[in-house]
Amino acid sequence: MACMNTASAEALSALLLALVLGCAVVRPWGLPEAVVAVPAAAIAVGTGAISLDHARDEAARLGPVVGFLAAVLVLAALCDEEGLFRACGAWVARAARGSTQRLLGQVFVLASVITAVLSLDATIVLLTPVVFATAARLGARPRPHVYACTHLSNTASLLLPVSNLTNLLALAASGLSFTRFAALMALPWLAAIGVEYVVLRRFFAGDLAAGADPSAAGTADAAHERPPVPRFALATVAGTLAGFVVASAFGVNAAWAAFAGAAVLAVRALVRRRTTPRKLLAAASVPFLAFVLALGIVVRALVDHGLGTALGHAVPSGTGLPALFALAGLAALLANLINNLPAVLVLLPLAAPNGEGAVLAVLLGVDIGPNLTYAGSLATLLWRRIVHEHDSEVALGEFSRLGALAVPAALAVAVPALWLSLAVF
């Protein structure tokens with residue numbers, strides 16, 4: 001294996017990370033992110049920018065997290081096959097009763113719950129199209145409600161370890177149990193969502209004031225549609241959540257509970273011929289899982305050759321309120337510079353020695369911060385593509401202005417809420 005001096009290894013690692021993230025943002029010719037990330041990781045190992053032992057360690061650390069993510073993605077896709085999201089859309093339409101303000105409130109509730117329970121990917125990929133369709137059928141302007149999906153896919157992912165890949169990494173770094181993680185993050189979750197609601201309602205006041213067009217095609221049907229509630233899917237999701245709690249209590253990796261929930265719905269769907277093994281494999285998003293592993297190796301190479309040391313001087317010690325604010329702010333800034341997944345991979349080893357409070361403060365930054373720019377999280381980039389597929393435009397200036405209002409305000413309430421939770425619990 002080739003050897004490199006520190007300066008050359010650092011330069012190569014930085015170049016590879018920039019290339020991987022740039023291609024993930026642009027996705028040339030629609031190619032999966034892994035097409036660039038996997039060769040980049042191979043180059044890092046082959047040139048000696050990262051040792052083979054460190055690459056193996058990083059893959060072993062991320063392996064259980066990636067497996068968990070695959071199971072949750074399959075679970076969410078099968079819930080969609082069962083009709084869960086269509087039923088949710090019908091409920092939102094009925095509950096709105098023709099009011100755009102109530103519609104926004106119902107979207108907030110639904111997106112927050114789906115993000116927390118089925119992960120932010122479910123909100124982006126499965127709920128956003130439902131919200132588009134519901135708004136169109138009610139004759140409401142879609143912008144406030146569709147923007148709520150992307151903001152809540154990030155902000156509302158604070159609650160549970162299963163809500164976001166960053167949370168799974170933080171759970172492993174902190175040593176927290178599933179239930180303690182949820183208890184500590186419940187108040188910051190509620191506080192941040194409340195701020196997001198106030199900001200979006202004021203920011204899109206004009207769209208909401210326009211109301212719903214009663215002459216819109218399908219308005220009456222949308223308001224009274226009652227598709228069957230997929231009770232089996234709901235029961236499976238509830239059982240999976242209970243499994244997370246039980247697994248955590250007995251020190252068992254929660255991925256087993258996720259696999260069990262996905263397997264129950266998968267067997268049912270296969271028996272009823274509603275899906276195929278190929279569709280299940282596609283739902284697991286194997287290229288994206290490979291991208292996560294490869295990205296972790298590239299980031300580890302950069303950490304080994306200078307980034308970790310440089311950021312180590314910026315990470316405050318302790319878990320007092322000023323330290324928590326500093327950590328959350330640093331994490332939010334880094335998430336928007338290099339994406340939230342690399343940011344959490346870099347910061348967690350530096351924050352973990354200061355305790356669970358420091359780890360969760362980093363999580364506030366990397367989960368809320370990505371609402372500031374397109375590049376902040378992969379979920380935001382995916383949301384942008386879905387919006388374009390629905391013949392809508394996302395203006396960079398509008399997205400950034402909304403983020404500039406929402407992100408600092410959400411962090412301003414979430415950080416003290418975390419500090420209070422740490423004190424109480």
Side-chain angles (χ1 to χ4, degrees), residues 65 112-113 115-117 119-120 152 154-198 241 244-251 254 311-335 340-341 343-371 406-425:
V65 173
S112 297
V113 172
T115 297
V117 175
S119 88
L120 77 170
L152 292 173
N154 290 312
T155 299
S157 70
L158 289 169
L159 182 61
L160 300 177
V162 300
S163 308
N164 197 330
L165 179 57
T166 56
N167 298 19
L168 293 171
L169 294 167
L171 182 72
S174 66
L176 288 166
S177 67
F178 186 96
T179 50
R180 179 163 174 77
F181 183 104
L184 290 173
M185 296 302 277
L187 187 58
W189 181 71
L190 289 171
I193 290 172
V195 167
E196 290 276 12
Y197 178 75
V198 171
L241 284 174
F244 293 149
V245 176
V246 173
S248 177
F250 286 93
L311 285 174
H313 298 299
V315 173
S317 60
T319 54
L321 187 57
L324 295 181
F325 265 116
L327 277 169
L330 176 63
L333 175 62
L334 199 60
N340 67 339
L341 184 53
V344 80
L345 289 170
V346 171
L347 289 174
L348 284 181
L350 303 174
N354 294 322
E356 59 191 30
V359 170
L360 296 180
V362 168
L363 203 57
L364 293 181
V366 298
D367 283 1
I368 296 173
N371 285 329
V407 169
L411 287 174
V413 298
V415 173
L418 173 61
W419 176 79
L420 181 60
S421 294
L422 290 166
V424 170
F425 293 107

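Owing to the predicted nature of the structure, the values given are computational and were not obtained by experimental measurement.
Contact check for V424 versus L187: no side-chain heavy atoms found under the 4.5 Å cut-off. Contact annotation: the side chain of L158 approaches that of I368 to within less than 4.5 Å [non-hydrogen atoms, C-beta and beyond]. The side-chain heavy atoms of N354 and V315, taken from C-beta on, include a pair separated by under 4.5 Å. Looking at heavy atoms from C-beta onward, E356 lies out of side-chain contact with T319 at the 4.5 angstrom threshold. You'll find the side chain of L334 reaches within 4.5 Å of the side chain of L311, heavy atoms only. Between L363 and N167, some side-chain heavy-atom pair lies under the 4.5 Å cut-off. Residues V362 and L350 have side chains not in contact (no heavy-atom distance under 4.5 Å, counting atoms from C-beta outward).
The nearest pair of heavy atoms linking A409 to V195 is CB-CG1, 3.5 Å. Contact record, S163 with S157: CB-O, 3.3 Å, taken as the closest heavy-atom pair. Closest heavy-atom contact between A414 and P188: O-CB, 3.8 Å. Shown here for L422 and G357, the closest heavy-atom pair between the two residues is CD1-CA, 3.6 Å. Nearest heavy-atom pair, T155 versus A192, reported as atom, atom and distance to 0.1 Å: CG2-CB, 3.5 Å. Here the closest heavy-atom approach between residue L418 and residue M185 is recorded as CD1-SD, 4.3 Å.
Of the possible polar contacts, none joining the N371 side chain to the N154 backbone as a donor-acceptor pair under 3.5 Å is found. In terms of modelled atom types and a separation under 3.5 Å, the side chain of S174 and the main chain of L171 share a donor-acceptor contact. At distances below 3.5 Å, not a single donor-acceptor pair connects side-chain atoms of N340 with backbone N or O atoms of G369.
With sequence neighbours excluded, the residues forming a side-chain hydrogen bond (donor to acceptor under 3.5 Å, both in side chains) with T166 are N164, D367, listed by chain and number.
Legend: ring-ring contact (aromatic ring centres under 6.0 Å, His included) pairs involving residues 175-197, not counting sequence neighbours, sorted by first then second residue: F108-Y197, F178-F244.
Between atom CG of residue L327 and atom OG of residue S317 there is a gap of 9.5 Å, rounded to the nearest 0.5 Å. Rounded to the nearest 0.5 Å, atoms CG (L169) and CG (L165) are 5.0 Å apart. A distance of 14.5 Å separates CG of L184 from CH2 of W419, quoted to the nearest 0.5 Å.
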